[in-house]
Amino acid sequence: MIKKLHSIFVYIIIIVTVTSSTGLSQSTDLGTISGKIFDSVTKETLPGVSVYLSGTTIGISSDKNGNYKIGKIPAGKYIIVVSMIGYKPLVQNLEISGSSNILKNFFLENKPIEMNAIVVQDQSDVYDDLLREQKNYRDIFKKYFLGQTELSNECQIENIEEIIFSKKFEPNIQAECPNPIIVINKALGYRIECVLLTFIFNTNQEGVNCEFYPKFTELIPKDENQNLKWKENRKSAFNSSLRRFMLSRLQSNVLLNNYGYAVTGATKLPKGISLSSLVDSNDKIVFIDTLSGLHFLKFKGFLFVNNFLTDEQSFVYLPFGTAYIGKDGYPIDPRSLQVSGVFAKHGLANMLPIDNSYIERVE
């Protein structure tokens, strides 16, 4: 979940720790996780439960006897999600090392579906006000959940009517969904199933706290032209992503220019950011933890990021002073990194599954 700590960040990117993998695309060690899924009270097995690794295309549904088995998992650290309508989703860390064969059972707790009661009086203006309010809430949700890019316009939330909005804690608007949110991304060619744990929008600061866990399923293209378009859009989405910038910082300086980024040359600064608060482009900002082997960012102030391939500018801020980055390019703790500018406008619409090797396709 991202917490908005500085009001100068008008847009706060929705980042989810989908994994802190040790390198999906490079690993040859494959593991397996299997087991049964039960009702926590009746102890009866549950069929049709969705079990998946967040941020990937890797997942399965339990069979009629509640059994599940996910094989061919590259070594790494993941978040496993267990979800079924009418039950509270389970979200747990998972580590696959070598040729792991993990046996793990899950017990789901029943979750009664609660709907907000809306009393509609006979006055038509009251009914119209309610409709406008609901539309406003949905527009806000789509803006910050899907993002604000061209790709966002080609995404459709299939069950948006199931999302429940509340203003119990002013000035916050809170969104909940008893079922996974289903998004069809027609620009990138994915059906995305999202377990939403938190969505809180602060109307005063226009900041968002959001935590969700996505599962990607590739759509079948209608023809080769659509297939090529999806590939082109996926490459473009990766090229402009925060993940790609992070990977550029983890690579050697020889590869840095191939990623098309510079951290200098800011000319137009957002309100609240001064030239004196910018990180000097000559400063070292990437370090390696000798114990864990992980890279981490460390700097004070705001890091200006210019993607000279796409002519897009962003600013990166570390609220805790440091941010550990996994080899897949995602921050280990999403709260440790905040952004403004173009990066902050990317939402689910620009997100790609981590188990596809976009890194190797970049020329």
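- Aromatic ring orientation, Phe201 versus Tyr144: tilted (interplanar angle from 30° to 60°).
- The shortest distance between side-chain heavy atoms of Asn227 and Asp223 does not fall below 4.5 Å.
- Remark: the Gln313 side chain and the Asn306 side chain contain an N/O donor-acceptor pair separated by less than 3.5 Å.
- The backbone N or O of Glu44 sits nowhere less than 3.5 Å from a side-chain atom of Asp39 that would complete a donor-acceptor pair.
- Remark: Leu196 CG to Cys210 SG distance equals 5.5 Å, nearest 0.5 Å.
- The closest side-chain heavy-atom distance from Tyr213 to Ile79 is below 4.5 Å.
- Side chains of Gln174 and Lys167 form no contact here, defined as non-hydrogen atoms less than 4.5 Å apart.
- The backbone N or O of Lys222 lies less than 3.5 Å from a partner atom in the side chain of Gln226, making a donor-acceptor pair.
- In this structure, Ile220 shares a hydrophobic cluster with no other residue, the cluster being traced through Ile, Leu, Val, Met, Phe, Trp and Tyr side chains under 4.5 angstrom apart.
- Closest heavy-atom contact between Ile157 and Phe141: CD1-CE2, 3.9 Å.
- Within a 6.0 Å radius of NZ in Lys36, more than 12 heavy atoms belonging to other residues, nucleotides or ligands are found.
- What you find for Asn233 and Ala187 is that their closest heavy atoms are ND2-O, 2.8 Å.
- Aromatic ring centres of Phe38 and Phe106 lie farther apart than the 6.0 Å criterion allows.
- Residues Ile285 and Leu242 are members of one and the same hydrophobic cluster, defined by side-chain heavy-atom contacts under 4.5 angstrom among Ile, Leu, Val, Met, Phe, Trp and Tyr.
- Under the side-chain contact (heavy atoms from CB on, under 4.5 Å) rule, Ser34 has a single partner from Ile102, Ile70, Asn105, Leu103, which is Leu103.
- Checking Asn209 against Thr198 by side-chain atom types alone, no donor-acceptor pair falls below 3.5 Å.
- Rounding to the nearest 0.5 Å gives a distance of 9.0 Å between OG of Ser40 and NZ of Lys88.
- Taking the side chain as every heavy atom from C-beta outward, Val279 and Phe302 never approach each other to under 4.5 Å.
- Residue Ile160 is grouped with residue Val208 when hydrophobic side chains (ILVMFWY) are merged at heavy-atom distances under 4.5 angstrom, including chains of intermediate members.
- Side-chain N or O atoms of Asn185 include none that pairs as donor or acceptor with a backbone N or O of Cys155 at under 3.5 Å.
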Before giving the answer on side chain to side chain contact (heavy atoms under 4.5 Å, CB included), spell out for Ile184 and Leu219 the whole-Å C-alpha distance, their side-chain angles and the decisive distance to 0.1 Å. CA-CA 9 Å; Ile184 304 299; Leu219 299 177; 4.1 Å; yes

Verify side-chain hydrogen bond (donor to acceptor under 3.5 Å, both in side chains) between Asn65 and Thr45, making sure each step is shown before the conclusion. CA-CA 6 Å; Asn65 297 314; Thr45 57; 5.7 Å; no

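- Separation of atoms OH (Tyr87) and CG (Leu108) is listed at 7.0 Å; rounding is to 0.5 Å.
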Checking side chain to side chain contact (heavy atoms under 4.5 Å, CB included) for the pair Leu90/Val81: CA distance, chi angles, key distance, verdict? CA-CA 6 Å; Leu90 286 179; Val81 181; over 6 Å; no

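- Cluster annotation: Leu94 is not connected to Phe107 through the hydrophobic network of ILVMFWY side chains, with a link wherever side-chain heavy atoms come within less than 4.5 Å.
- In this structure, Leu318 CG and Leu303 CG are separated by 8.0 Å, a value rounded to the nearest 0.5 Å.
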Show your reasoning for whether side chain to side chain contact (heavy atoms under 4.5 Å, CB included) applies to Lys298 and Phe296. CA-CA 6 Å; Lys298 183 178 181 180; Phe296 64 93; 4.0 Å; yes

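- Judged by the 6.0 Å distance and 45° axis criteria, Arg234 is positioned over the aromatic ring of Tyr190.
- Nearest heavy-atom pair across Gly329 and Met246 is O-CB, 3.3 Å.
- Between the side chains of Thr32 and Asn101, no donor-acceptor pair of N or O atoms lies under 3.5 Å.
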How far apart are the C-alpha atoms of Ile163 and Ile181, what are their side-chain angles, what is the distance that settles it, and do they pass the side chain to side chain contact (heavy atoms under 4.5 Å, CB included) test? CA-CA 8 Å; Ile163 301 175; Ile181 296 174; 4.1 Å; yes

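- With hydrogens and angles ignored, the 3.5 Å screen pairs a side-chain donor or acceptor of Asp355 with a backbone N or O of Thr57.
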Determine, stepwise, if the pair Glu193 / Ser50 fulfils side-chain hydrogen bond (donor to acceptor under 3.5 Å, both in side chains). CA-CA 10 Å; Glu193 171 186 329; Ser50 178; 3.2 Å; yes

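- In this structure, CZ in Arg138 is found 12.0 Å from CG in Asn136, a value given to the nearest 0.5 Å.
- With hydrophobic clusters built from ILVMFWY side chains whose heavy atoms lie under 4.5 angstrom apart, Val195 does not share a cluster with Ile182.
- Ile173 places none of its side-chain heavy atoms less than 4.5 Å from the side chain of Ile200.
- In the hydrophobic cluster analysis, where Ile, Leu, Val, Met, Phe, Trp and Tyr join through side-chain heavy atoms closer than 4.5 angstrom, Val342 is grouped apart from Leu188.
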For a salt bridge (charged side-chain N to carboxylate O under 4.0 Å, His left out) check, start with the C-alpha distance between Lys143 and Asp139, then their side-chain angles and the critical distance, and finish with the verdict. CA-CA 6 Å; Lys143 177 179 179 179; Asp139 288 344; over 6 Å; no

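- Crowding of Lys43 atom NZ: a count of heavy atoms from other residues, nucleotides or ligands under 6.0 Å exceeding 12.
- Within the 4.5 Å cutoff, no side-chain heavy atoms of Lys215 are placed close to those of Leu53.
- Using a distance-only test at 3.5 Å, with no hydrogens or angles considered, no donor-acceptor pair links the side chain of Ser61 to the main chain of Val51.
- Taking 4.5 Å as the limit, every side-chain heavy atom of Arg335 sits out of range of all side-chain heavy atoms of Pro319.
- There is no side-chain donor-acceptor pair under 3.5 Å between Tyr68 and Asp63.
- In this structure, CG in Leu146 is found 12.0 Å from CD in Glu154, a value given to the nearest 0.5 Å.
- Between Cys194 and Leu348, the shortest heavy-atom contact is SG-CD2, 3.8 Å.
- In this structure, Met84 and Val49 approach most closely via the heavy-atom pair SD-CG2, 3.4 Å.
- Closest approach of Ser240 to Phe343, counting heavy atoms only: O-CE2, 3.5 Å.
- Side chain of Thr322 to backbone of Leu297: no donor-acceptor contact under 3.5 angstrom is found.
- When the shell of 6.0 Å around CD of Glu158 is examined, it contains more than 12 heavy atoms from other residues, nucleotides or ligands.
- Looking at Asn159, its side chain never comes within 3.5 Å of a backbone N or O of Glu162 through a donor-acceptor pair.
- The side-chain heavy atoms of Ile354 and Leu352, taken from C-beta on, include no pair separated by under 4.5 Å.
- Proximity of the aromatic rings of Phe216 and Tyr52 is defined here by a centroid distance below 6.0 angstrom, and this criterion is not met.
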